[in-house]
Amino acid sequence: MIYPIVKYGKEVLEKLAAPVASFDGDLEKLVADMFETMYAANGVGLAAPQIGISKRLCVIDITSGKEPDGRLVLVNPEIIAVEGTQAEEEGCLSLPDFRAKTPRPIHATVRAQDLTGKYFTRTGEGLLARAFCHETDHLNGVLFIKHLSRLKRDSIKRKVRKMMKSGEW
Ligand SMILES: [Zn+2]
């Protein structure tokens, strides 16, 4: 099932999501739906709050479905180590058509649980490190524009407000 993606401006995107406590069939179904929704939207990552579900859960695939082992599920993820800095273009399915050079670490290590509740750690580099940070941020109510200069952030917010007024958002 493809969910509609919640856009910037909705409260669910800016609140702390609740930990996942049940590792059951419902969680599996939700994760399958999240992958389907992410691929349909041509995204490389999707966090549960972006489909209106305030839970600490996200899916990532920086290969865009091209490699089966590119599918990553992070349940209750935490960034436990970072190294270096990069400033590539970043975007977000909840802020469609806005992209900006966003500072992030080059390496990021995430500790998370899988669908069975088992803990694992994984270190990502480049785009994967960016995805780990971006998606984990979502679970803490943080959007990528928070990492931009105030000038850049305010400019994006202004454009979104305009689109909201004209009903294009
Ligand atoms: Zn996002």
Side-chain angles (χ1 to χ4, degrees), residues 1-20 27 30-66 70-80 82 85-112 122 124-150 152-161 163-164 168-169:
M1 173 190 157
I2 295 175
Y3 281 87
I5 292 174
V6 173
K7 287 189 194 172
Y8 172 67
K10 291 280 190 305
E11 196 212 336
V12 68
L13 289 176
E14 296 186 75
K15 70 178 204 185
L16 201 66
V20 172
L27 183 65
L30 177 58
V31 163
D33 288 343
M34 284 173 67
F35 273 114
E36 199 182 341
T37 302
M38 180 185 79
Y39 291 134
N42 294 315
V44 296
L46 183 74
Q50 292 182 278
I51 55 166
I53 296 173
S54 194
K55 281 190 185 165
R56 306 189 74 78
L57 168 67
C58 59
V59 297
I60 291 171
D61 185 355
I62 61 165
T63 78
S64 302
K66 286 183 196 97
R71 291 163 72 103
L72 290 172
V73 178
L74 306 179
V75 185
N76 300 324
E78 248 185 288
I79 301 290
I80 56 168
V82 295
T85 54
Q86 56 167 325
E88 301 301 315
E89 291 259 314
E90 191 167 318
C92 178
L93 294 176
S94 296
L95 275 155
D97 303 326
F98 290 102
R99 296 185 66 80
K101 279 197 170 56
T102 308
R104 295 287 188 185
I106 296 175
H107 295 97
T109 302
V110 72
R111 182 170 185 265
R122 171 103 186 241
E125 190 187 344
L127 179 58
L128 190 55
R130 179 174 295 281
F132 284 166
C133 296
H134 182 114
E135 301 311 328
T136 304
D137 267 359
H138 268 303
L139 311 180
N140 296 323
V142 172
L143 296 165
F144 81 95
I145 55 173
K146 195 188 167 187
H147 300 287
L148 306 179
S149 68
R150 173 174 286 267
K152 183 79 195 163
R153 182 169 56 249
D154 286 349
S155 143
I156 291 176
K157 285 185 174 176
R158 217 168 22 246
K159 285 176 190 154
V160 170
R161 269 200 296 275
M163 289 165 86
M164 280 172 174
E168 300 165 74
W169 192 251

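Both counts, for ligands and for their atoms, begin at 1 and track the order of listing.
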How about N76 and R111: does a side-chain donor come under 3.5 Å of a side-chain acceptor?
no
Strictly distance-based, threshold 3.5 Å: is any side-chain N or O of T63 a donor or acceptor partner for the main-chain N or O of D61?
no
Between S94 (side chain) and V6 (backbone), is there a donor-acceptor pair under 3.5 Å?
yes
Verify side-chain contact (heavy atoms from CB on, under 4.5 Å) between L128 and R122, making sure each step is shown before the conclusion.
CA-CA 10 Å; L128 190 55; R122 171 103 186 241; 3.9 Å; yes
Tell me the protein N, O or S atoms under 2.8 Å from the Zn ion (ligand 1), in chain and number order.
C92 SG, H134 NE2, H138 NE2
Is the closest basic N to carboxylate O distance between D137 and R104 below 4.0 Å?
yes
Under a 4.0 Å threshold between the charged nitrogen and the carboxylate oxygen, would R130 count as salt-bridged to E88?
no
